[in-house]
Amino acid sequence: QVQLVESGGGLVQAGGSLRLSCAASGRIFSTYAMGWFRQAPGKEREFVASIGGSGTSTYYAESVAGRFAINRDNAKNTVDLQMNSLKPEDTAVYYCAADRFNRGGNYPERYAYWGQGTQVTVSS
C-alpha cells in the first residue's frame, strides 16, 4: 500500500511559477512510476507528466511540455512538478499518482494509488 500526499499548490499570477511536491510512503518507491494529473472544474481528469522509477524516463502532455518539469528523489520518496510560465488554463486540482508496475504515461488506469490533490489557481 502506498500513500501519497501532495503539497505546494496555491494562487499565482499568469507567467509565474509553482513547485508541487508529492511525498510517498513505502520502502519500494523507486520501483514505481509516478505521474501528475489535473482536473479543472467541469472537465475530466487529464494527464500532465510522468517519470519512471529510476528517474531517467519522463513523459509530458503537449500542453505543458517545455513549461513543466517532473523530477523525483528516491532517497526522500518524493516527486516534484516544477511549473513555470503558468497560464490561467493551468488552473486545476493537481493529483499525484503511483503505478506499481513502473509503466507511467498517459493512462490513468495504470495508476493504482492517488493522492488527495492540491489546488493550483492561476489568475490572469
Side-chain angles (χ1 to χ4, degrees):
Q1 187 75 15
V2 175
Q3 292 185 325
L4 306 172
V5 178
E6 303 96 335
S7 61
L11 174 64
V12 64
Q13 288 188 332
S17 298
L18 276 177
R19 188 176 186 88
L20 305 183
S21 186
C22 174
S25 64
R27 294 175 293 176
I28 54 174
F29 175 74
S30 62
T31 66
Y32 287 57
M34 299 299 295
W36 284 96
F37 290 77
R38 66 187 182 186
Q39 187 167 19
K43 295 187 177 182
E44 293 186 354
R45 189 173 296 188
E46 66 172 356
F47 171 79
V48 176
S50 68
I51 187 166
S54 65
T56 58
S57 175
T58 58
Y59 181 47
Y60 296 93
E62 283 191 22
S63 59
V64 306
R67 299 189 297 123
F68 290 12
I70 187 170
N71 287 285
R72 65 190 296 159
D73 186 334
N74 287 340
K76 296 181 179 179
N77 280 19
T78 58
V79 58
D80 293 344
L81 184 69
Q82 177 66 43
M83 305 186 295
N84 300 323
S85 302
L86 283 161
K87 305 174 182 180
E89 50 264 43
D90 294 319
T91 295
V93 177
Y94 282 70
Y95 297 91
C96 174
D99 170 18
R100 63 194 179 108
F101 295 112
N102 199 24
R103 298 160 297 181
N106 184 12
Y107 302 93
E109 63 274 16
R110 288 181 174 178
Y111 299 84
Y113 306 103
W114 293 81
Q116 293 300 306
T118 185
Q119 176 70 46
V120 171
T121 303
V122 184
S123 62
S124 58

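Here T118 contributes atom OG1 and L81 contributes atom CG; the two are 11.0 Å apart, rounded to the nearest 0.5 Å. We find the SG-CD distance between C96 and Q116 to be 11.5 Å, quoted to the nearest 0.5 Å. Taken from CG in D90 to OG1 in T121, the straight-line distance is 11.0 Å, to the nearest 0.5 Å. Between the OG atom in S30 and the CG atom in D73 there is a gap of 11.5 Å [rounded to 0.5 Å]. Considering OG1 of T58 and CE of M34, their distance stands at 14.5 Å, rounded to 0.5 Å.
For the pair V79 and I51, the minimum side-chain heavy-atom distance is below 4.5 Å. The shortest side-chain heavy-atom distance between V48 and F68 falls under the 4.5 Å cut-off. Put simply, the side chain of V120 does not reach to within 4.5 Å of the side chain of T91, judged on heavy atoms. Contact annotation: the side chain of I70 never approaches that of D80 to less than 4.5 Å [non-hydrogen atoms, C-beta and beyond]. For the pair W114/L4, no side-chain contact is recorded, criterion being any heavy-atom separation below 4.5 Å from C-beta on. Taking the side chain as every heavy atom from C-beta outward, Y94 and Q119 never approach each other to under 4.5 Å. D99 places none of its side-chain heavy atoms less than 4.5 Å from the side chain of Y32. Side-chain atoms of V122 and M83, non-hydrogen and from C-beta on, never get closer than 4.5 Å to each other.
V93 and L20 fall into different hydrophobic clusters, where Ile, Leu, Val, Met, Phe, Trp and Tyr side chains are chained together by heavy-atom contacts under 4.5 Å.
The two residues R45 and F37 make their nearest non-hydrogen contact at CG-CB, 3.9 Å. C22 approaches W36 most closely through the heavy-atom pair CB-CZ2, 3.7 Å. The minimum heavy-atom distance linking P88 with S124 is given by the pair CG-CB, 3.8 Å. For N74 against S54, the heavy-atom pair with the smallest separation is ND2-CA, 4.5 Å. Residues S50 and Y111 come closest through the heavy atom pair CB-OH, 3.5 Å. Summarising the geometry of G16 relative to V12, their closest heavy-atom pair is CA-CG2, 3.9 Å, with the distance given to 0.1 Å.
Under a 3.5 Å cut-off, the side chain of R72 and the backbone N or O of G52 do form a donor-acceptor pair.
By the 6.0 Å and 45° rule, R110 stacks over the aromatic ring of Y107.
Within 6.0 Å of atom CD in E109, more than 12 heavy atoms from other residues, nucleotides or ligands are found, so the atom counts as buried in its surroundings. With a 6.0 Å radius and a threshold of 12 heavy atoms from other residues, nucleotides or ligands, Q3 has its CD atom at or below the threshold.
Considering E89, E44, E46 as possible partners of R38, the one that fulfils the salt bridge (Lys or Arg N to Asp or Glu O under 4.0 Å) test is E46.
Residues N84 and S17 have side chains that bring a donor and an acceptor to within less than 3.5 angstrom of each other.
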Exercise for the section: Using the side chain to side chain donor-acceptor pair (under 3.5 Å) rule, take N102 and R100 through it: C-alpha gap first, then chi angles, then the decisive distance, then the call. Expected result: CA-CA 6 Å; N102 199 24; R100 63 194 179 108; over 6 Å; no
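By the ring pair (Phe, Tyr, Trp, His ring centres under 6.0 Å) test, Y59 is found to be paired with F47, residues two or more places apart in sequence or in another chain being considered.
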